[in-house]
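Accompanying notes for the structure given below.
These values consider heavy atoms only, across backbone and side chains, with no hydrogens, waters or symmetry-generated copies.
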Amino acid sequence: MNIKIGNLFKGDKVIWMVLLFLCMISIVEVFSASSTLTYKSQDYLGPIIGHSWKILVGVGTAILILNIPCRFFKLMTPALLLISGIMLFWVLFFGEKTNDAGRWISLFGLKFQPSEIAKGTMVLVTAQILSAMQREDGADKRAFKYILIIVLPTALLIGLENLSTAALILAVIFLMMFIGRVPLTQLGKLMGAGVAFVILMVGMIYLLGSFESNDTTETQTETMVNGEVKKDTKKSGGVLHRFSTWKGRIDKHLSKKDVAPADYDLDKDAQVAHANIAIVGSNIIGKGPGKSVERDFLPQAFSDFIFVIIIEELGIIGATFVVFLYIVLLYRAARIANRCENNFPAFLVMGLALMLVIQATFNMLVAVGIAPVTGQPLPLISRGGTSTIINCAYIGAMLSVSRSAKKRPQNMTLNEI
């Protein structure tokens, strides 16, 4: 029996341990943070049973994918590109809109965000282009152009409704090109263009946006997506309807005005206020699992702000352990990539690890108030639908690389590959 179990969980054992710990933390903390869902549904175990079931499906998906030799991932690229493109256009024009964000589509009764699939597809495409165009002195200059031709239109389609995910994709692809030895002059020009674009976007947001949108309505959107029955009561205003939300978030984050406790609006700024209360009351060891107080007041406690609940219940020690797990995941990916004889699996495993870790970093920075609200869940921990399964699929691809990628000789240096 032990042999059969060992054959089932193949691949890098450290990555399996990281996945195990993240899933265990997820089940405990989501169970605690789902008090509002439990109250509304009048079902004490329903929310956590559904979440645990999705985690089991995700682990099963990881096991399935790790048994696919990584060389076959290249064959999936054209199909995934086609599927991602169709779904992104579909969600843009026919996606389900709640409040002012339209990110979801329903297929056979299953709700999911096409951007989750598109993220992995962009990593796969970039890894394939970089590996195919590697030269002795670095990547061919044409690789830069080919990558941008595919990635930029995809990021634009996603960014119209989900700016933070588009920024995540661009950050990951930029780092992949740096790792893939794309000429620094090209990367420097891209950084300059990126800074100019950010300045232009901020100017347009402040010129065309209003203050009608706030994060409370955004929270209602997420709750509905996770299974709650809520009707949309806010009208959207065309392609640029997200500008108001972005403007409000930037202004709230940059505002340095001191507000007296008696004048603080807990309804308008519920996310920031209750997140700060949870962090301040956590101490070093926290209040203990299941003893959160702010979970009953913090919007999206089980999703976007799950890290705040981890801090409140597990303290600084528990939060540091979660950060450590993501660091270990990135470190193991780097070790696996360093052992790969071929470039494609090395770039693929690093791209997937960077995507998960950078998304986790976004979520944590938002939770502690360093970054404005982005709506990015904590990978493999936050309560989610298909995002949990897809993130597990990415882990499965990393495990496949660790298991099936051809290893380079131990006495060979990276420059000799």
Side-chain angles (χ1 to χ4, degrees), residues 15 18-19 21-23 25-26 29-30 54-55 58 61-62 84 101 103-104 112-124 126-127 151 154-155 158-159 161-176 178-179 218 222 225-226 249 271 275 300 302-311 319 322-334 348-398:
I15 292 181
V18 170
L19 179 61
F21 278 118
L22 290 175
C23 289
I25 294 171
S26 176
E29 294 304 314
V30 169
K54 289 169 185 174
I55 287 180
T61 302
S84 297
R103 304 174 183 174
W104 300 270
F112 65 96
Q113 297 186 42
S115 59
E116 293 294 328
I117 299 176
K119 289 191 301 184
T121 303
M122 292 303 100
V123 170
L124 181 61
T126 303
V151 172
T154 303
I158 295 174
E161 296 290 346
N162 194 343
L163 184 61
S164 59
T165 298
L168 170 65
I169 292 174
L170 293 176
V172 171
I173 299 306
F174 181 87
L175 290 176
M176 288 185 66
F178 178 77
I179 295 172
E218 187 72 16
E222 299 290 340
V225 170
N226 283 285
R249 289 178 173 179
Q271 289 177 320
Q300 288 303 288
F302 51 82
S303 181
D304 297 349
F305 282 82
I306 188 69
F307 190 63
V308 171
I309 306 302
I310 292 174
I311 296 175
V322 171
V323 174
F324 173 73
L325 290 176
Y326 287 110
I327 294 175
V328 171
L329 181 64
L330 184 61
Y331 172 75
R332 291 305 298 180
L348 178 61
V349 71
M350 282 303 301
L352 293 175
L354 285 169
M355 183 172 60
L356 292 172
V357 173
I358 292 176
Q359 181 176 332
T361 303
F362 278 4
N363 178 277
M364 295 174 186
L365 292 178
V366 169
V368 298
I370 297 178
V373 177
T374 62
Q376 289 293 329
L378 191 58
L380 303 169
I381 291 183
S382 292
R383 182 181 186 272
T386 51
S387 62
T388 299
I389 299 173
I390 293 175
N391 285 332
C392 287
Y394 296 155
I395 293 292
M398 294 172 63

Inset, instruction - Find out whether Met364 and Val322 are in side-chain contact, i.e. whether some heavy atom of one side chain is under 4.5 Å from a heavy atom of the other. - result: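 Yes - at least one pair of side-chain heavy atoms lies under 4.5 Å apart.
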Inset, instruction - Please tell me if the side chains of Ile306 and Arg383 come closer than 4.5 Å, counting only heavy atoms from C-beta onward. - result: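 No, every pair of side-chain atoms sits at 4.5 Å or beyond.
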Inset, instruction - Name all residues meeting the side-chain contact (heavy atoms from CB on, under 4.5 Å) criterion together with Ala155; count only those two or more places apart in sequence or in a different chain, and write none if there are none. - result: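 side-chain contact (heavy atoms from CB on, under 4.5 Å) check on Ala155 returns Ala166, Leu170.
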Quick one: closest heavy-atom pair of [X] and [Y], and the distance?
X: Cys392; Y: Leu19; answer: SG-CD1, 4.4 Å
X: Val30; Y: Ile381; answer: CG2-O, 3.4 Å
X: Phe307; Y: Ala319; answer: CZ-CB, 3.8 Å
X: Thr61; Y: Ala393; answer: CG2-CB, 3.9 Å
X: Ala118; Y: Thr154; answer: CB-CG2, 4.2 Å
X: Met398; Y: Ile15; answer: CE-CD1, 4.1 Å

Inset, instruction - Identify which one of Gln113, Gln376, Gln359 satisfies the side-chain hydrogen bond (donor to acceptor under 3.5 Å, both in side chains) criterion when paired with Thr165. - result: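 So, applying the side-chain hydrogen bond (donor to acceptor under 3.5 Å, both in side chains) to Thr165 and each of Gln113, Gln376, Gln359, only Gln376 qualifies.
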Using only atom types and a distance under 3.5 Å, with no angle test, would you say the side chain of [X] pairs donor to acceptor with the backbone of [Y]?
X: Ser26; Y: Leu22; value: no
X: Tyr326; Y: Pro379; value: yes
X: Asn363; Y: Asp304; value: yes

What donor-acceptor contacts under 3.5 angstrom involve side-chain atoms of residues 348-355, with partners at least two apart or in another chain?
none

To the nearest 0.5 Å, tell me how far [X] [atom1] sits from [Y] [atom2].
X: Glu29; Y: Leu378; atom1: CD; atom2: CG; answer: 11.0 Å
X: Thr126; Y: Leu175; atom1: OG1; atom2: CG; answer: 11.5 Å
X: Ile117; Y: Ile390; atom1: CD1; atom2: CD1; answer: 4.5 Å
X: Tyr394; Y: Leu356; atom1: OH; atom2: CG; answer: 8.0 Å

Inset, instruction - For side-chain contact (heavy atoms from CB on, under 4.5 Å), just list the numbers for Leu380 and Val18, CA-CA rounded to whole Å, side-chain angles, deciding distance to a tenth of an Å, and then say yes or no. - result: CA-CA 10 Å; Leu380 303 169; Val18 170; over 6 Å; no
Legend entry - Phe21: ring-ring contact (aromatic ring centres under 6.0 Å, His included) partners, not counting sequence neighbours: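 With sequence neighbours excluded, Phe21 shows a ring-ring contact (aromatic ring centres under 6.0 Å, His included) to Phe321, given in chain and number order.
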